[in-house]
Engineer: 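Below you'll find the structure I mean.
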Amino acid sequence: MSDIEVLKSSLLAAIDAADTPDALEAVRIDALGKQGSVSALLKTLGQMSPEERQVQGPVINGLREAVTSGIAAKKAALESAILNQRLATERLDMTLPAPESPRGTVHPVSQVMDELAEIFADMGFAVAEGPEIEDDWHNFSALNIPDTHPARAMHDTFYFPDQMAQKDENGDGKKMLLRTHTSPVQIRTMTSQEPPIRIIAPGRVYRSDSDATHTPMFHQIEGLVIDKGIHLGHLKWTLETFLKAFFERDDVVLRLRPSYFPFTEPSVEVDVGYSVVKGKRVIGGSEGWMEVLGSGMVHRKVIEACGLDPDVWQGFAFGTGVDRLAMLKYGMDDLRAFFDGDNRWLQHYGFNALDVPTLSGGVGA
Ligand code: 2NL
């Protein structure tokens with residue numbers, strides 16, 4: 001056997017014997033590294049005569065290839081053995097419960113929205129949704145709030161720049177804005193569906209207003225009923241039934257006060273009575289009054305603007321802040337904390353995702 005053949009069989013034996021990636025790497029450095037035995041042989045080729053090189057070249061390169069491929073094959077075998085061992089010893093049973101209690105919670109605003117949808121579904125109301133970017137016709141004009149009406153200024157509207165105006169059917173520019181209330185959703189429902197209509201429209205609304213009790217984005221829910229022969233009695237029954245279900249008390253007392261909204265006539269503001277227990281206000285009784293809702297009979301101009309005959313169709317509407325309802329029901333006192341995303345607050349005030357509100361279970365239980 002030539003020296004090269006002896007070296008080859010000893011290197012292949014070393015490769016075969018290497019039982020860890022580290023041992024194999026040591027063999028590789030020994031043979032193919034800068035100071036390696038195979039590298040040394042390759043260097044001798046340079047000093048050989050052309051005739052000699054023609055004979056030794058293929059032999060030495062054959063050795064290098066045999067060692068290189070032997071190492072690659074062994075490396076793959078070692079790695080798959082390690083993987084198989086890990087697969088056999090490490091297992092993750094995806095059917096086991098999470099090792100720690102679930103961390104996510106349902107935000108109080110989402111919880112209250114789900115409660116409201118459940119309460120109103122039971123009274124035959126569907127949930128309607130619409131765009132948060134609106135045009136000024138759906139947000140204002142259709143609601144009997146003309147261009148010059150002070151309510152437009154009162155609403156602290158976020159307008160988009162004029163370049164972003166959309167074209168209406170006549171090619172006229174429509175001023176675009178972030179909706180200041182969810183009323184445009186109800187306008188869109190009235191212009192696209194035949195009465196009778198019974199909907200609630202919950203969602204985000206925007207006003208350029210920010211202090212301890214106002215955030216530029218907040219949540220509103222409005223309700224709308226359009227049918228024949230609807231009157232204030234229907235409004236009062238609906239709101240009383242809703243508020244008793246929401247606050248989960250039969251002793252909820254309502255007080256209706258005359259008020260003004262451009263889109264309702266007459267307009268009614270609704271207070272609920274509270275009593276003071278251990279220095280804290282609780283809903284129920286009538287020691288004091290808290291304003292919770294605005295409402296009224298839909299103005300005939302609004303019904304007309306939606307293409308309906310106000311002598312045939314009448315209705316009532318109401319609106320209130322979801323954030324405020326959540327604060328009242330669950331005893332939170334800082335509105336701004338709602339939108340901070342502070343995990344400690346969410347852990348404290350959040351709800352279990354598996355507790356879906358139901359009337360039979362008590363909506364907020
Ligand atoms: C409030 C008062 C209110 C309405 C909203 C309404 C919608 C249509 C027609 C007529 Cl399409 N009215 N919505 C009516 C009265 C009051 O909201 O204080 N919201 C926070």
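Atoms within each ligand, like the ligands themselves, are counted from 1 in listed order. One-based numbering along the sequence shown.
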Engineer: Can you list the other members of the hydrophobic cluster that holds V67, where links are side-chain heavy atoms under 4.5 angstrom apart?
Structural biologist: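 Noted: V67 shares its cluster with I4, L7, L11, L12, I15, L24, V27, L32, V38, L41, L42, L45, M48, V59, I60, L63, I71, L78.
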
Engineer: With respect to atom 7 (C) of ligand 1, which of Q220, H181, R188, E222 exhibits the smallest heavy-atom separation?
Structural biologist: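 Minimum heavy-atom distance to atom 7 (C) of ligand 1 goes to E222.
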
Engineer: For atom 11 (Cl) of ligand 1, which of H299, E265, Q186, H138 has the closest heavy atom?
Structural biologist: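 Nearest option to atom 11 (Cl) of ligand 1, by heavy atoms: Q186.
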
Engineer: Distance alone, cut at 3.5 Å: any donor-acceptor contact between the side chains of T180 and N139?
Structural biologist: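 There is such a pair (donor and acceptor under 3.5 Å, judged by atom type) between the side chains of T180 and N139.
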
Engineer: Pick from K174, K175, R179: which one makes a salt bridge (charged side-chain N to carboxylate O under 4.0 Å, His left out) with D135?
Structural biologist: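 Among K174, K175, R179, the one that satisfies the salt bridge (charged side-chain N to carboxylate O under 4.0 Å, His left out) with D135 is K174.
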
Engineer: If you count the atoms of ligand 1 from 1 in the order shown, which ones are under 4.0 Å from a heavy atom of I187?
Structural biologist: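 Taking each heavy atom of I187 in turn, ligand 1 has 11 (Cl) under 4.0 Å.
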
Engineer: If the plane angle is over 60° it's perpendicular, under 30° parallel, otherwise tilted; pick one for W345 and Y349.
Structural biologist: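 Rings of W345 and Y349: tilted, as their planes differ by 30° to 60°.
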
Engineer: Can you find a side-chain donor-acceptor pair between E132 and Y206 that sits under 3.5 Å?
Structural biologist: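 Their side chains do contain a donor-acceptor pair, which is all the 3.5 Å distance test asks for.
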
Engineer: Give the numbers and elements of all ligand 1 atoms closer than 4.0 Å to a heavy atom of A317.
Structural biologist: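 Those of ligand 1 that fall under 4.0 Å from A317 are 6 (C), 7 (C), 10 (C), 12 (N), 13 (N), 14 (C).
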
Engineer: So, does M190 sit close enough to ligand 1 that a heavy atom of it is under 4.0 Å from the ligand?
Structural biologist: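 For ligand 1, residue contact (heavy atoms, under 4.0 Å) with M190 is present.
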
Engineer: At what distance is the nearest protein heavy atom to atom 3 (C) of ligand 1, and which residue and atom is it?
Structural biologist: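 For this ligand atom, the closest protein heavy atom is G319 N, 3.6 Å.
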
Engineer: Check each atom of ligand 1 against the heavy atoms of L143 and keep those under 4.0 Å away; list them by number with element.
Structural biologist: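 Those qualifying, in numeric order: 8 (C), 9 (C), 11 (Cl).
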
Engineer: Angle class for the F120/F318 ring planes (parallel below 30°, perpendicular above 60°, tilted otherwise)?
Structural biologist: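 Rings of F120 and F318: parallel, as their planes differ by under 30°.
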
Engineer: Taking only distance into account, with no hydrogens and no angle test, what donor-acceptor pairs under 3.5 Å do side-chain atoms of residues 296-307 form with protein atoms, sequence neighbours excluded?
Structural biologist:
| from | atom 1 | to | atom 2 | distance (Å) |
| --- | --- | --- | --- | --- |
| H299 | ND1 | K301 | N | 3.1 |
| R300 | NH1 | D311 | OD1 | 3.2 |
| R300 | NH2 | D311 | OD1 | 3.3 |

Engineer: As a check for students: among F261, F316, F263, F218, identify the option with a heavy atom nearest to atom 4 (C) of ligand 1.
Structural biologist: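 Nearest heavy atom to atom 4 (C) of ligand 1 lies in F263.
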
Engineer: From atom 15 (C) of ligand 1, work out which of G321, S295, C306 has a heavy atom at the shortest distance.
Structural biologist: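 It is S295 whose heavy atom sits nearest to atom 15 (C) of ligand 1.
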
Engineer: Which atoms of ligand 1 sit under 4.0 Å from any heavy atom of T264?
Structural biologist: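 The atoms of ligand 1 under 4.0 Å from a heavy atom of T264 are 10 (C), 12 (N), 14 (C), 15 (C).
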
